[in-house]
Protein chains: 2
Amino acid sequence: MAVSDEGRRSEAEAMCPHRLVLEHVTSRWGVLVLIRLLERPYRFSELRRAIGRVSEKMLTQTLQTLERDGLVHRDAKPVIPPRVDYSLTGLGREAAEQVRELARWTDRRMADVLAARQAYDEARTP
Amino acid sequence: MAVSDEGRRSEAEAMCPHRLVLEHVTSRWGVLVLIRLLERPYRFSELRRAIGRVSEKMLTQTLQTLERDGLVHRDAKPVIPPRVDYSLTGLGREAAEQVRELARWTDRRMADVLAARQAYDEARTP
DNA sequence: GTGGGTACTTTCTATTAGTTAGTGCAACTC
DNA sequence: GAGTTGCACTAACTAATAGAAAGTACCCAC
């Protein structure tokens with residue numbers, strides 16, 4: 001492929017929102033939310049406790065993004081105290097299953113990663 | 001990612017190593033690098049052009065992180081001008097294939113996501 | 001009436017991403 | 001033979017973003 005074609009294609013890809021959706025799904029808190037919601041619906045604070053070390057702001061933001069992309073369903077009951085349930089949509093379930101597979105892979109291969117790191121670190125600090 | 005900060009890095013790695021590896025694999029530029037390297041080895045600048053809109057700093061950082069985790073192999077030939085080839089390790093190929101599946105899913109379901117977004121936006125701007 | 005819980009929003013600061021410029025050397029152009 | 005370009009980075013700086021903390025508005029238990 002010619003260099004000029006390569007350049008214009010990257011330009012088009014950056015403008016195309018495909019990369020952005022992928023970023024939402026693979027975002028730091030997005031992956032953890034999706035994996036959690038795969039087991040069952042969660043309430044906001046419950047989800048926050050389950051994930052751990054998420055700020056409320058980031059969880060809200062992540063959930064809003066995923067809801068807008070049609071991956072997460074938000075069910076707010078107009079009661080006091082407020083009760084909001086989050087669950088996966090069909091679309092969200094598809095994404096979440098793939099993300100969970102990645103997470104499981106990470107789990108399985110953790111030892112290899114740690115070994116690689118140790119080798120890497122030792123190679124440059126003799 | 002403060003790769004140079006030894007102290008806080010080991011601290012973070014001890015806290016939740018599994019989550020961190022997943023973050024490296026699903027990082028913004030990490031996914032794009034892995035998918036590209038799945039087709040063939042790339043040189044640094046070549047990879048930069050292929051991905052598009054990556055700063056050299058971020059590409060360097062991403063590649064170093066992935067190399068340290070044992071996902072990417074770096075082959076630097078001591079010639080002038082410098083020539084450095086990046087390729088996937090066995091471990092990296094496994095991760096990359098899963099990431100590519102996610103990217104393909106995003107491609108397939110893009111229309112649904114866009115429809116969901118439109119519905120979401122229209123619902124709160126009448 | 002103090003403390004805790006609900007689901008957020010707002011404000012402010014710490015961290016991180018991205019931009020720009022520089023490195024040393026060779027191979028091109030002119 | 002001066003100037004430009006490309007290579008694979010690194011360092012310094014700035015813009016953007018994440019995270020911490022507090023505020024909101026309401027209820028319940030003690």
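A, B, ... follow the sequence lines: proteins, then strands. Residue 1 opens every chain. Values below: all heavy atoms of this structure, side chains included; hydrogens, waters and symmetry mates excluded.
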Under the side chain to side chain contact (heavy atoms under 4.5 Å, CB included) rule, what do A:Lys77 and A:Asp85 come out as? Steps first, then yes or no, please. CA-CA 8 Å; A:Lys77 275 118 184 167; A:Asp85 289 303; 2.9 Å; yes
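Judged by distance alone, the side chain of B:Thr106 and the main-chain N or O of A:Val21 form no donor-acceptor pair under 3.5 Å. Proximity of a side-chain donor or acceptor of A:His73 to a complementary backbone N or O of A:Gly90 within less than 3.5 Å is not detected. Judged by distance alone, with hydrogens and angles left aside, the side-chain atoms of B:Arg48 form a donor-acceptor pair with the main-chain N or O of B:Val54 at under 3.5 Å.
Annotation: the span from A:Tyr120 atom OH to B:Asp69 atom CG amounts to 10.0 Å, rounded to 0.5 Å.
Rounding to whole angstrom units, CG of residue A:Leu59 and P of C:dT9 are separated by 12 Å. Here the P atom of nucleotide D:dC7 and the CG atom of B:Leu63 are 15 Å apart, to the nearest Å. What separates CZ of B:Phe44 from P of C:dT23 is a distance of 19 Å, to the nearest Å. B:Met58 places its CE atom 13 Å from the C1' atom of D:dA16, with the value rounded to the nearest Å. Taking atom CD of residue A:Gln61 and atom P of nucleotide D:dA18, one finds them 6 Å apart after rounding to whole Å. Atoms NZ (A:Lys57) and C1' (C:dC12) sit 10 Å apart, rounded to a whole Å. We find that CG of A:Asp85 is positioned 12 Å from C1' of C:dT6, with the value rounded to whole Å. A straight line from CD1 of A:Ile51 to P of C:dA7 spans 14 Å, rounded to a whole angstrom.
Nucleic acid contact for A:Arg74: sugar-phosphate only, since backbone atoms but no base atoms lie under 4.0 Å from a heavy atom of the residue. Residue contacts for A:Gln64: at a heavy-atom cut-off of 4.0 Å it reaches the sugar-phosphate backbone alone, with no base atom in range.
Within residues 27-37 of chain A, the residues that place at least one heavy atom under 4.0 Å from DNA chain D are, in residue-number order, A:Arg28, A:Trp29.
Not one side-chain nitrogen or oxygen of A:Arg43 sits closer than 4.0 Å to the OP1 or OP2 atom of C:dT6. Side-chain N/O atoms of B:Ser45 include none lying less than 4.0 angstrom from OP1 or OP2 on D:dG6. Between B:Arg49 and the phosphate of D:dC7, there is a side-chain N or O to OP1/OP2 separation shorter than 4.0 Å.
Annotation: of the two residues near DNA chain D, A:Ser55 and A:Ile80, the 5′-most nearest-nucleotide partner is A:Ser55. Positionally, the nearest nucleotide of DNA chain D for B:Pro82 lies more toward the 5' end than for the other of A:Pro82 and B:Pro82.
No side-chain donor from either of B:Gln98 and A:Trp105 sits under 3.5 Å from a side-chain acceptor of the other.
Remark: A:Arg108 does not engage B:Glu94 in a salt bridge, criterion side-chain N to carboxylate O under 4.0 Å.
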